[in-house]
Amino acid sequence: MKKLFIICIATFLLFGCVSNDSTGEAIKSNQGSPSILQENELIANSQENLITIDGKYYFTEIENFGPENFTTEHAEYINSQGTLTRINFQQKPSGLKYGDFIRVEGLISKNTSLSENILETAKVEILPTGDNVIAGVEENRSLGGQKTAIILVNDVLDPNYHPYTKEEIWNEILNPDNPVSTNSYYREISYGKAWLSGDIGDIYGYYPAQTQYISRNLNAAMDVIDPDIDFIEKNYRRIIFIFFKSDSDSLNGNSYFIGLFPLETDEGIINMGVTMNSVGNNSLSSVQATRLIRHELGHNFGARHSGSYDCGTNVVGDNCYFFEMGDIYDVMGGRNPYHFSEITTGKFHINSIHKEMMGWADTTINIGWFNSGNVLEISNELNNFGEYTLKPLELPTNGIQVIKTPSFPYQYIGEAETAEAKYYYLEFRDKIGFDSDIEQPFVLLHLRAFDLPFDEPFWEYIEGSGNSLQLIGNNGSAKELTEGEEFIDELSNLKIRINEIGEHYANVNISSFIPVCGNKILETNEQCDDGNLNNFDGCSSTCTIDPSYKIFATSQKFNGNLSGLSGADLKCAVAARAGGFSPNAKWKAWMSSSTTNAKDRL
């Protein structure tokens, strides 16, 4: 039904759609050429409308959260000097990445059954420019104060539906002194590195509009509010649209786009991040609406979905059950994978994989909201397996908060044959702050994976991105490791043991499942490991305990015939037993004969 809502509003025209504008350098009139028209039959009869646009490539997902299912709609755009134009690729060029500069030639679609006019592309070229870093970062997108405008929109058919005052909206989202506000949430999970700012004067509305339409059309939404707001003077970095509808309990949202992007306003172009949140008639403080707003902001800050990976009675493997938002301890997931209508969280911390990606403060080391010392990569190759202490994910620290180690490249995650697991991430969750509702502290495991099926073919075009998969048991519960528990992945040659969980720390041991003798780490099936491969030093070259030798001298003197070497050995055994040594030990006398040296007898 949601798709029917989208296509039924067919006659509402797109504000500011692209045309043959000879005044803008980035939009060029072009009478076209037969060779271009032959590439796209859709525009073969509309040669006079062929245009060329230079700009940056972006895309977004519109997420529809129904009571029993979840669907997404994808939309791709070119941003030319702050003007967004939706595009439909006839053939996407190989290697295209989010934020790349492109040149597009094509025609504006005349299909009035769509809510947006679409540029049907006949030819696409990736422009040779060095500014193709993820999201085309002009400034640090996700760090520091985020001056925020909140736009309240109600449905044109019910213009008097004003479910909240601006003061209530401010308290729920922006109030820094409200410990459960969205502002406080992002300040905590970013360790004070990112927060929302704004007062009641930064909340605008209510604006009556066709909410089902403009909640999916940023150009139309901006046309409604732009005359009332000087975005440049206010220096906004984030816009949060909230759409209310008295006769609907459905929720959907999307994020335009990842991070900040140039947006044209009446006053000029400004870099902003925008989220759309349709809450219907749901309470704004409900777990559903709270999760939606924080979830979409998470996308805007740079996070992807956090899914779950259920391998049943197996530890992990290929062809396990994948659920897109099944991570029950992450606001980027928050859906019970076996009871979809059950939203498990609107507050838990974003997991360590996403926190590492947040901010993109340094694209060479990519530590996001973490400090450089918070993330430790270990592996057999780095020869740094061993015992480590994890600090809580919830608190700022100079200690280790994340341990990442390579995983076996498991294939066929979900339904995508190209999916591939890359790393395990270990994080310690404590009963602190927005994680205070967990039952007990535990170590949580995630897989970082790439090219998952629900993203195809969109998210794969972001460099460095990767989805997180929470490992879960066959009963749908998270794989939470508590004190004394182990996780073993034979194919990854990995063994994780939780030695101890104390007050605000977890001591973990990371080792090879297949032991490596001589690395000074006591691993599976090893009796000892003294850090070398020498024999006769107490620990053998196969990491078994060397036989121990004891030597004593008898106090009794022996003269004459001892009955040969065997008789001398017997006398040693009797003396040893009398001296309290083990009766099970085998004793030999340090003696030689005409045929045998003493040292060769031992």
Side-chain angles (χ1 to χ4, degrees), residues 9 12-18 60 77 79-86 115-117 145-175 181-183 196-246 252-257 260-280 284 289 292-293 296-297 300:
I9 310 170
F12 195 92
L13 297 178
L14 170 67
F15 297 120
C17 61
V18 176
T60 187
Y77 294 86
N79 188 324
S80 177
Q81 298 183 356
T83 298
L84 288 174
T85 304
R86 186 166 175 174
S115 60
E116 287 184 280
N117 286 346
Q146 312 286 309
K147 185 67 179 298
T148 303
I150 298 177
I151 314 300
L152 310 179
V153 182
N154 55 6
D155 195 80
V156 68
L157 299 178
D158 193 2
N160 295 319
Y161 182 59
H162 297 175
Y164 298 97
T165 66
K166 292 181 179 180
E167 289 79 6
E168 290 171 328
I169 298 286
W170 178 82
N171 183 64
E172 192 69 33
I173 298 176
L174 296 178
N175 185 358
S181 70
T182 295
N183 183 13
L196 308 179
S197 66
D199 53 34
I200 295 175
D202 296 305
I203 300 174
Y204 302 88
Y206 289 76
Y207 293 93
Q210 292 180 319
T211 55
Q212 290 292 329
Y213 169 62
I214 70 169
S215 63
R216 290 167 165 80
N217 188 328
L218 180 57
N219 286 326
M222 289 299 296
D223 281 345
V224 171
I225 66 172
D226 206 357
D228 293 346
I229 305 172
D230 189 328
F231 290 97
I232 292 181
E233 180 182 350
K234 291 283 191 176
N235 194 29
Y236 287 124
R237 293 168 64 87
R238 307 280 170 184
I239 304 176
I240 299 175
F241 283 91
I242 305 177
F243 300 92
F244 299 94
K245 202 169 189 296
S246 61
N252 62 70
N254 66 308
S255 177
Y256 289 92
F257 292 93
L260 307 180
F261 69 100
L263 186 63
E264 185 178 30
T265 71
D266 290 346
E267 295 74 37
I269 297 174
I270 184 172
N271 285 339
M272 290 188 290
V274 181
T275 66
M276 304 285 213
N277 307 272
S278 295
V279 300
L284 200 61
L292 175 67
I293 292 171
E296 298 304 335
L297 272 172
N300 206 224

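- Annotation: the span from Tyr207 atom OH to Phe241 atom CZ amounts to 9.0 Å, rounded to 0.5 Å.
- Considering CD of Glu267 and CD1 of Ile229, their distance stands at 9.5 Å, rounded to 0.5 Å.
- Under a 3.5 Å cut-off, the side chain of Lys166 and the backbone N or O of Ile203 do form a donor-acceptor pair.
- With values rounded to the nearest 0.5 angstrom, Ile269 atom CD1 is found 14.0 Å from Phe231 atom CZ.
- A distance-only check finds a donor-acceptor pair linking the side chain of Asn183 to the backbone of Leu196 [under 3.5 Å].
- Arg86 contributes atom CZ, which lies 12.5 Å from atom CG of Leu218 (distance to the nearest 0.5 angstrom).
- Annotation: the span from Tyr77 atom OH to Thr83 atom OG1 amounts to 13.5 Å, rounded to 0.5 Å.
- Side-chain contact check for Ile239 versus Thr275: every heavy-atom pair is 4.5 Å or farther apart.
- Residues Ala220 and Tyr213 come closest through the heavy atom pair CB-CE2, 3.8 Å.
- In this structure, OH on Tyr206 lies 12.0 Å from CG on Asn160, to the nearest 0.5 angstrom.
- In this structure, the side chains of Met222 and Leu263 come closer than 4.5 Å at one or more pairs of heavy atoms.
- In terms of heavy-atom proximity, Val153 sits nearest to Ala209 at CG1-CB, 4.0 Å.
- Contact between Asn235 and Lys147 at its shortest, heavy atoms only, is O-CB, 3.5 Å.
- The backbone N or O of Asn154 lies less than 3.5 Å from no partner atom in the side chain of Lys245, so there is not a single donor-acceptor pair.
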side-chain contact (heavy atoms from CB on, under 4.5 Å) assessment of Ile293 paired with Ile242: CA-CA 9 Å; Ile293 292 171; Ile242 305 177; 4.2 Å; yes
side-chain contact (heavy atoms from CB on, under 4.5 Å) between Tyr204 and Ile150, intermediate numbers included: CA-CA 6 Å; Tyr204 302 88; Ile150 298 177; over 6 Å; no
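- Looking at Trp170, its side chain never comes within 3.5 Å of a backbone N or O of Thr165 through a donor-acceptor pair.
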Ile200 vs Glu167, side-chain contact (heavy atoms from CB on, under 4.5 Å): CA-CA, chis, key distance, verdict: CA-CA 6 Å; Ile200 295 175; Glu167 289 79 6; 3.5 Å; yes
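- Between the Asn300 side chain and the Ser255 main chain, no donor and acceptor come within less than 3.5 Å of each other.
- Using a distance-only test at 3.5 Å, with no hydrogens or angles considered, no donor-acceptor pair links the side chain of Asn79 to the main chain of Leu84.
- Between Gln146 and Arg238, the closest heavy-atom pair is OE1-NE, 2.7 Å.
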Evaluation steps, side-chain contact (heavy atoms from CB on, under 4.5 Å), between Ile240 and Met276: CA-CA 6 Å; Ile240 299 175; Met276 304 285 213; over 6 Å; no
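- Within the 3.5 Å criterion, the main-chain N or O of Gly268 finds a donor-acceptor partner in the side chain of Thr265.
- For the side chain to side chain donor-acceptor pair (under 3.5 Å) criterion with Tyr236, the lone passing option out of Asn271, Thr148, Asp202, Asp230 is Asp202.
- By the 4.5 Å heavy-atom criterion applied to side chains, Asn252 and Asn254 are not counted as neighbours.
- Ring geometry, Tyr164 versus Phe244: the interplanar angle falls from 30° to 60°, so the pair is classed tilted.
- Judged purely by atom type and a 3.5 angstrom limit, Glu172 has no side-chain atom pairing as donor or acceptor with the backbone of Ile169.
- Here the side chain of Ser181 pairs a donor or acceptor atom with the backbone of Asn175 at under 3.5 angstrom.
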